[in-house]
Amino acid sequence: MIQRVFVIICLFRLNQAALPLVINTWNFENAANAAWSALQKAGSVLDAVERGCAQCELEQCDGSVGFGGSPDERGETTLDAMIMNGDTMEVGAVADLRRVKNAVGVARAVMEHTEHTFIVGESATIFAENMGFMSEDLSTNKSIAIFSQWLQQNCQPNYRKNVFPDPSKSCGPYKPKAKLWKPKNPKGNFDPSSHDTIGMIAIGKNGQVAAATSTNGATHKIPGRVGDSPVAGAGAYADSTAGGAAATGDGDIMMRFLPSFLAVDLMRNGAQPTVACKTAISRIKKYYPNFFGAIICANTTGGYGAACNKRPGFSQFPFMVVNPQTNQSQLQKVDCF
């Protein structure tokens, strides 16, 4: 039976390398265990990251992954996911997926059964149904209650700006304002307590790399909004010549910087994983010093690290690691900077 071992690490510690390796964002232990079990049963690294993320979809990790969480402005839960093969550089992704619970499974079907990379919206649902995935309601009593309370609070918080009626006081429908303005105190609607993504990296005993993500996005998002999670290079990236990375946090900001691609490219050029992670976070921090975000990185020898941006209420970032050194899942933490 896999047991949990709690380890706290400092930001600049170089973690001892060992393969195979599973690493994922946040303290989603069962996801790490599911991925490790797949590797132990001779599954591929793609199998590992798919099963790990699918476990979180099933368990509705923190309410921010899978069905029944993060209703949008219409009260609907939609899902985003991606998976990447670091050997072939193939990617499969879906966004704004409706009525199908296994988003990462659909993403893998996009990669393996089409010449495309990304399918979105109702068309993604139709594709999933054609591939044999079950169609079912993603709403739960909890998500319905979250939506109802939001309506009672005059649709607060929301992600609108430069519109009327005043989005800080009223629900829509909204129209654009003739003159743009910037509020003196930005609303900062992204809630760090809502962990918006599971991002996972698996590295095989011979250095094969795969990565995957799954999320139900930002609560009360504008319908159709897609964040960083399903975007290759933003939510995650894998390259078996260098390593893998996966990001979590305010996807609307983070996707503008492709932090996962940057981190992998830095490792390709010799940077240690922790240094690559920190550099990717620093690039965003230069423009958005108070953004909420973190990233995990791993190279092809099994070295790994993480980094996060320090802000009120968020001073440490937890992540899960499993490797052969102890054959146990480890909850590790990194101090934000």
Side-chain angles (χ1 to χ4, degrees), residues 24-31 33-34 50-81 94-107 120-122 124-126 128-129 132-160 167 169-174 187-200 212-227 229-230 248-252 292 313 318:
N24 62 260
T25 56
W26 305 109
N27 57 340
F28 301 148
E29 181 182 9
N30 290 341
N33 291 343
E50 180 188 1
R51 291 178 190 176
C53 288
Q55 185 67 33
C56 244
E57 293 173 346
L58 180 65
E59 295 183 4
Q60 304 166 280
C61 287
D62 275 357
S64 60
V65 181
F67 68 100
S70 302
D72 63 20
E73 285 186 343
R74 294 194 294 242
E76 184 178 15
T77 295
T78 58
L79 308 180
D80 303 338
V94 290
D96 195 25
L97 178 69
R98 301 179 172 97
R99 304 187 305 282
V100 177
K101 290 182 177 180
N102 183 202
V104 71
V106 181
V120 303
E122 189 65 26
T125 302
I126 294 171
E129 292 170 345
F133 291 86
M134 182 183 299
S135 179
E136 52 193 317
D137 190 358
L138 300 186
S139 297
T140 62
N141 290 337
K142 182 178 179 179
S143 68
I144 292 170
I146 291 171
F147 178 60
S148 297
Q149 183 178 19
W150 181 72
L151 290 177
Q152 292 169 10
Q153 295 173 343
N154 293 322
C155 303
Q156 303 303 308
N158 61 65
Y159 292 88
R160 305 284 183 164
K169 299 177 181 179
S170 304
C171 296
Y174 301 103
K187 291 184 288 185
N189 292 323
F190 200 93
D191 180 4
S193 67
S194 177
H195 309 156
D196 71 328
T197 309
I198 178 170
M200 178 174 281
T213 66
S214 185
T215 183
N216 53 35
T219 305
H220 313 311
K221 60 183 176 285
I222 297 170
R225 176 263 188 188
V226 177
S229 299
T248 183
D250 187 342
D252 289 295
F292 167 60

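Owing to the predicted nature of the structure, the values given are computational and were not obtained by experimental measurement. Starting from 1, each residue takes its place in the sequence as its number.
Scanning both residues, Ser139 and Ser143, for their nearest heavy atoms gives CA-OG, 3.5 Å. Closest approach of Val65 and Ser214 over heavy atoms only: CG2-O, 3.7 Å. Summarising the geometry of Leu79 relative to Gly66, their closest heavy-atom pair is CD2-O, 3.4 Å, with the distance given to 0.1 Å. Nearest heavy atom pair, residue Met200 against residue Ala31, reads CE-O, 3.5 Å. Summarising the geometry of Val226 relative to Pro230, their closest heavy-atom pair is CG1-CG, 3.6 Å, with the distance given to 0.1 Å. Taking every heavy atom of both residues into account, Phe28 and Asp62 meet most closely at CE2-OD2, 3.6 Å.
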Test salt bridge (charged side-chain N to carboxylate O under 4.0 Å, His left out) on Glu122 and Arg99; report intermediate values, then the result. CA-CA 9 Å; Glu122 189 65 26; Arg99 304 187 305 282; 2.5 Å; yes

Audit row: Trp26, Thr248, side-chain contact (heavy atoms from CB on, under 4.5 Å) steps and yes/no: CA-CA 9 Å; Trp26 305 109; Thr248 183; 2.9 Å; yes

Using side-chain hydrogen bond (donor to acceptor under 3.5 Å, both in side chains), reason through Thr197 and Ser229 one step at a time and then give a plain yes or no. CA-CA 7 Å; Thr197 309; Ser229 299; 2.9 Å; yes

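The environment of Gln149 atom CD is sparse: at most 12 non-hydrogen atoms of other residues, nucleotides or ligands sit within 6.0 angstrom.
Separation of atoms CG (Asn158) and CD1 (Ile222) is listed at 7.5 Å; rounding is to 0.5 Å. Taken to the nearest 0.5 Å, the CG atom of Asp72 stands 7.5 Å off from the CZ atom of Phe147. Note that CG of Leu97 and CG of Asn102 are 9.5 Å apart. Values are rounded to the nearest 0.5 Å. Here CD of Gln60 is found 9.5 Å from OG1 of Thr77. Values are rounded to the nearest 0.5 Å. Between the OG1 atom in Thr78 and the CG atom in Leu138 there is a gap of 8.5 Å [rounded to 0.5 Å]. One distance of note links SG of Cys61 with CG of Asn24; it measures 8.5 Å at 0.5 Å rounding.
Between Val100 and Val106, some side-chain heavy-atom pair lies under the 4.5 Å cut-off. The shortest side-chain heavy-atom distance between Arg51 and Gln55 does not fall under the 4.5 Å cut-off. A heavy-atom distance below 4.5 Å is not found between the side chains of Asp137 and Phe67.
Salt bridge absent: Arg225 and Glu73 never bring a charged side-chain N and a carboxylate O closer than 4.0 Å. Between Lys101 and Glu57 there is no salt bridge, since no side-chain N of the basic residue sits under 4.0 Å from a carboxylate O of the acidic one.
Under the side chain to side chain contact (heavy atoms under 4.5 Å, CB included) test applied with Pro71, the options Ile146, Ile144, Asn216 reduce to a single match, Ile146.
In this structure Asn154 satisfies the side chain to side chain donor-acceptor pair (under 3.5 Å) test with no other residue, sequence neighbours excluded.
One N or O on the side chain of Thr25 and one on the backbone of Gly199 form a donor-acceptor pair closer than 3.5 Å. Side chain of Trp150 to backbone of Pro157: a donor-acceptor contact under 3.5 angstrom is found. Checked by atom type and distance alone, the side chain of Ser70 pairs as donor or acceptor with a backbone atom of Gly217 at under 3.5 Å.
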